[in-house]
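Single-structure report; data block below.
Everything numeric in this text was worked out from a predicted model, so none of it was measured.
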Amino acid sequence: MKGGEGVRFDLPEADGLSRTYWDAAAEGLLLLRRCGAAGCGRAHHYPREFCPYCWSEDVRWEEASGRAVLYTWSVVHRNDLPPFGERTPYVPAVVDLAEGPRMMTELVEWEDGGGELRAGTGLDVAFRESGGFVVPVFRVRV
């Protein structure tokens with residue numbers, strides 16, 4: 001394949017653990033994992049088979065509220081990897097979910113050059129179909 005044509009760099013790889021996450025996203029739900037160990041109980045993201053804080057394997061799926069605040073972001077004006085080039089400008093971001101975990105995502109429905117983005121901006125989850133996957137993204141809360 002010349003120049004990476006037809007190759008997608010934005011699609012996740014679903015496995016036995018993450019399949020639940022991707023199936024829920026297809027239904028418009030954002031899931032987290034929460035530790036069930038006494039004295040811990042912390043939520044985490046990305047999905048893992050164990051708690052990254054106390055290493056307990058007693059972790060369960062939990063529906064997230066879909067609310068977050070903006071931690072940091074960047075506006076990308078140029079990207080040569082497909083399919084990003086056709087989506088420029090776009091806004092990759094890191095958000096703090098209301099449940100505690102920090103999540104990498106993308107901000108949507110934001111106009112390039114707009115002045116409303118700042119750390120702490122309230123966000124709500126949205127979902128975008130991409131290559132057979134439904135991916136959680138975020139938009140500024142109105």
Looking at [X] and [Y], does any basic side-chain N land under 4.0 Å from a carboxylate oxygen?
X      : Y      : result
Asp96  : Arg102 : yes
Glu49  : Arg33  : no
Glu106 : Arg87  : yes

Without swapping roles, check the side chain of Glu109 against the backbone of Val140 for a donor-acceptor pair under 3.5 Å.
no

Is there a side-chain contact between [X] and [Y], using heavy atoms and a 4.5 Å cut-off?
X      : Y      : value
Tyr71  : Val95  : no
Cys40  : Cys51  : yes
Val76  : Pro92  : yes
Leu30  : Tyr21  : yes
His77  : Thr88  : no
Leu123 : Leu107 : yes
Leu70  : Leu117 : yes

Work out which heavy atom in Ser130 is nearest to a heavy atom in Val135; give both atom names and the distance.
CB-CG2, 4.5 Å

Evaluate the criterion side chain to side chain contact (heavy atoms under 4.5 Å, CB included) for residue pair His45 and Leu31; output intermediate values, then yes/no.
CA-CA 9 Å; His45 185 78; Leu31 295 184; over 6 Å; no

Would Ser18 and Asp15 satisfy side chain to side chain donor-acceptor pair (under 3.5 Å), going step by step from the backbone distance to the final call?
CA-CA 5 Å; Ser18 68; Asp15 60 21; 3.1 Å; yes

Please test Arg67 against Glu99 for side chain to side chain contact (heavy atoms under 4.5 Å, CB included), starting from the C-alpha separation and ending with a verdict.
CA-CA 9 Å; Arg67 295 174 69 85; Glu99 294 78 10; over 6 Å; no

Verify same cluster id: Met103, Trp61 (apolar side-chain graph, 4.5 Å)
yes

Spacing of OH belonging to Tyr46 relative to CG belonging to Leu17, to within rounding of 0.5 Å
10.0 Å

What distance do Phe138 atom CZ and Phe127 atom CZ have between them, rounded to the nearest 0.5 Å?
7.5 Å

Where do Val59 and Arg34 land on the side chain to side chain contact (heavy atoms under 4.5 Å, CB included) test, with the steps shown first?
CA-CA 5 Å; Val59 290; Arg34 184 171 297 277; over 6 Å; no

Measure up the Trp55 and Phe50 rings against each other and bin them: parallel (under 30°), tilted (30 to 60°), perpendicular (over 60°).
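If you compare the ring of Trp55 with that of Phe50, the planes turn out parallel.
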
